[in-house]
Novice: 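First, the structure itself, so that you have it in front of you.
Per chain, numbering begins at 1; letters A, B, ... match sequence-line order. Given the structure is predicted, the values throughout are model-derived calculations rather than measurements. Atoms considered below: every heavy atom in the structure, side chains included; atoms not considered: hydrogens, waters and symmetry mates.
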2 protein chains.
Amino acid sequence: MALSHVAPKAFIQHQNLVEQVADYLTQAIIQQHFLPGERLSEVQLSKDLGVSRAPVREAARLLESRGLLISKPRRGFFVRALNAVEFEDVFDLRLCLERHAIEHLAERYSVEAQRALEQQVEVLCEAALGNDETRRIEEDLQFHRLMLHYAGNERLLKAFDGLTHELRLCIALITKTHDAPDTIATSHFKLLEALASGSPAACREAIDYHIGVARKFVVRGVGEPGEPGS
Amino acid sequence: MALSHVAPKAFIQHQNLVEQVADYLTQAIIQQHFLPGERLSEVQLSKDLGVSRAPVREAARLLESRGLLISKPRRGFFVRALNAVEFEDVFDLRLCLERHAIEHLAERYSVEAQRALEQQVEVLCEAALGNDETRRIEEDLQFHRLMLHYAGNERLLKAFDGLTHELRLCIALITKTHDAPDTIATSHFKLLEALASGSPAACREAIDYHIGVARKFVVRGVGEPGEPGS
DNA sequence: GTTTATAAAACTGTCGACAGTCGGCAGTCG
DNA sequence: CGACTGCCGACTGTCGACAGTTTTATAAAC
């Protein structure tokens with residue numbers, strides 16, 4: 001592994017090594033600098049990043065809990081390889097969480113929440129016009145995070161955050177999503193309308209449609225179930 | 001392949017220190033040997049358990065991701081202290097997950113699933129007659145885990161498992177639940193009936209009632225929001 | 001007696017090192 | 001020629017130690 005993508009040694013500022021390593025690994029995995037199923041060498045990473053193995057190990061455990069890595073005892077950490085079934089499961093869980101959230105939100109839709117969401121949709125639409133796919137995805141996720149937040153259950157948001165890491169992975173793996181970026185962006189307006197209507201049923205219908213579209217964009221060309229070789 | 005006579009899985013279980021420490025801590029927290037909000041000293045734990053600090057730290061990170069601990073930078077790890085709001089949030093999330101699961105399950109209720117669930121309810125009822133509260137809780141959770149499992153989304157089950165740790169904590173904190181153990185046990189029958197009917201709506205109603213009862217038992221005498229003193 | 005300044009203690013974050021283990025490779029035996 | 005065995009390198013799991021920071025204890029000043 002020549003690791004040509006590796007960051008300069010001084011990239012890591014002495015501040016919170018574990019988090020920094022975790023962030024670095026997250027980016028590297030999502031950008032597919034490490035292939036799914038690939039084994040991560042602790043020593044190699046330590047050398048590349050210029051830190052010791054302790055923070056690398058702790059960061060790896062963090063990413064394991066986020067579903068980006070899996071650990072095999074005495075073997076080390078491997079990049080999570082998602083198959084089609086797990087793909088569907090992730091989106092199904094997402095649907096579960098967001099349905100619940102939006103139904104709650106519909107019944108407690110404050111002016112503050114409305115303004116925040118509308119503003120975020122504007123940001124999202126703006127991002128959709130540009131070419132920065134990463135930013136578009138992040139703004140999209142941010143909209144949904146806001147929705148979860150204003151739904152009033154922080155634990156729900158936390159669960160969603162635990163999922164966004166995998167979601168990013170899902171999206172990144174198929175990344176050829178740019179069929180109709182503006183379509184996805186504008187489809188958020190329907191969510192706003194449903195919320196404004198105050199009808200939980202309408203909200204549920206809207207979110208079902210919304211996530212269904214997103215899933216359809218992503219689940220396309222996903223490989224067969226089974227572990228790609230290490 | 002001369003391994004057919006060998007005991008299933010590995011006869012020699014060389015369990016990681018990390019997992020062992022994590023299990024120990026989990027038990028200690030749930031049994032309230034560590035009070036909520038209390039600070040955990042890494043060195044002290046290392047000495048008590050006879051291991052070095054590295055596995056203790058990694059175990060603590062694991063428990064942090066499970067919601068039993070929280071880490072404050074440069075301060076260390078603290079036992080999670082749940083207030084009434086977080087309490088409600090946990091149960092609300094649980095409701096969200098189980099609604100989704102049971103509605104799915106209703107549409108794919110196999111004979112295998114039905115048999116497994118009915119058997120588990122029997123085990124649960126049996127456990128309810130005894131005095132072992134811990135076992136009752138575990139059997140209860142196991143029933144719900146089975147339900148999630150047969151719903152066909154492993155990711156959903158994983159999310160639930162991430163919640164069971166907190167659930168156990170919730171239950172342990174209030175632990176005076178033994179008002180009517182058999183009531184709770186038998187109330188599972190209603191879930192079985194709803195599933196057998198094949199109606200998602202009936203299932204939803206049943207699970208709403210079921211979890212509502214459970215929550216009512218637990219949410220009682222929960223303190224005010226805010227951090228209890230160390 | 002209370003408050004501030006200072007010193008000591010305790011603790012976390014991080015590191016380098018050692019030992020046991022795993023996978024692969026070569027050599028050996030059938 | 002194929003299967004088994006023992007060795008070798010690489011790596012993980014774990015440890016003890018050091019440095020910087022936070023907290024506590026102590027002392028001085030008001």
Novice: Rounded to the nearest angstrom, tell me the gap between atom CG in L17(A) and atom P in dT14(C).
Specialist: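 Atom-to-atom, L17(A) to dT14(C), this comes out as 4 Å.
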
Novice: Tell me which nucleotide among dG13(D), dC11(D), dC11(C) gets nearest to the side chain of V43(B).
Specialist: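 Between dG13(D), dC11(D), dC11(C), the one nearest the side chain of V43(B) would be dC11(C).
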
Novice: Among residues two or more places apart or on two chains, list those pairs meeting ring-ring contact (aromatic ring centres under 6.0 Å, His included) that have a residue in residues 18-63 of chain B.
Specialist: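 Every candidate ring-ring contact (aromatic ring centres under 6.0 Å, His included) pair involving residues 18-63 of chain B fails, so no pair, neighbours aside, qualifies.
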
Novice: On the 0 to 90° scale, with breaks at 30° and 60°, tag the H210(B)-H144(B) ring pair as parallel, tilted or perpendicular.
Specialist: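 The rings of H210(B) and H144(B) sit tilted, inter-plane angle from 30° to 60°.
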
Novice: List in numerical order all residues of residues 52-64 of chain B for which some heavy atom is under 4.0 Å away from an atom belonging to DNA chain C.
Specialist: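 Heavy-atom cutoff 4.0 Å gives R53(B), R57(B).
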
Novice: In whole angstrom, give the distance that lies between atom CG of L40(B) and atom C1' of dT12(C).
Specialist: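 Computing the L40(B):CG to dT12(C):C1' distance gives 13 Å.
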
Novice: Hydrogens and angles aside, do H100(B) and D92(A) bring a side-chain donor and acceptor to less than 3.5 Å of each other?
Specialist: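 There is such a pair between these side chains.
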
Novice: What is the distance from CZ of R74(B) to C1' of dG13(C), rounded to the nearest Å?
Specialist: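 For the pair R74(B) CZ and dG13(C) C1', the rounded distance is 5 Å.
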
Novice: Between E139(B) and Q120(B), does any side-chain donor sit less than 3.5 Å from a side-chain acceptor?
Specialist: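 A pair is found: one side chain offers a donor N or O, the other an acceptor, under 3.5 Å apart.
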
Novice: Touch check for L45(B), heavy atoms < 4.0 angstrom, all strands: base, sugar-phosphate only, or nothing?
Specialist: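 L45(B): no heavy atom of the nucleic acid under 4.0 Å.
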
Novice: Rounded off to whole Å, could you give me the CD-to-P distance for the E19(A) and dT12(C) pair?
Specialist: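 Atom-to-atom, E19(A) to dT12(C), this comes out as 17 Å.
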
Novice: Pick one: which of L156(A), I102(A), I207(A), L157(A) meets side chain to side chain contact (heavy atoms under 4.5 Å, CB included) with L97(A)?
Specialist: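 Result for side chain to side chain contact (heavy atoms under 4.5 Å, CB included) with L97(A): L156(A).
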
Novice: Within this structure, what is the CD-to-C1' distance between E42(B) and dT22(D), rounded to whole angstrom?
Specialist: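 One finds 14 Å between C1' of dT22(D) and CD of E42(B), rounded.
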
Novice: Taking R108(A) for the side chain and Y150(A) for the main chain, is one N or O donor matched with an acceptor at less than 3.5 Å?
Specialist: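 Yes, the answer is positive, given that a donor and an acceptor are paired below the 3.5 Å cut-off.
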
Novice: Could you check which of dC15(C), dT22(D), dT12(D) has an atom nearest any side-chain atom of V51(A)?
Specialist: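 The answer is dC15(C), which lies nearest to the side chain.
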
Novice: Rounded off to whole Å, could you give me the CZ-to-C1' distance for the F77(A) and dT12(D) pair?
Specialist: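 It is 10 Å, rounded to the nearest whole Å.
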
Novice: Can you tell me how far C1' of dC11(D) sits from NZ of K47(A), to the nearest Å?
Specialist: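 Computing the K47(A):NZ to dC11(D):C1' distance gives 11 Å.
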
Novice: Grab the CG-C1' distance between N16(B) and dC15(D) for me, whole Å please.
Specialist: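 Taking atom C1' of dC15(D) as the reference, CG of N16(B) is at 16 Å.
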
Novice: If you count every heavy atom of other residues, nucleotides or ligands that lies below 6.0 Å from Q119(A) atom CD, does the total exceed 12?
Specialist: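 No, CD of Q119(A) has 12 or fewer neighbouring heavy atoms, counting only those of other groups under 6.0 Å.
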
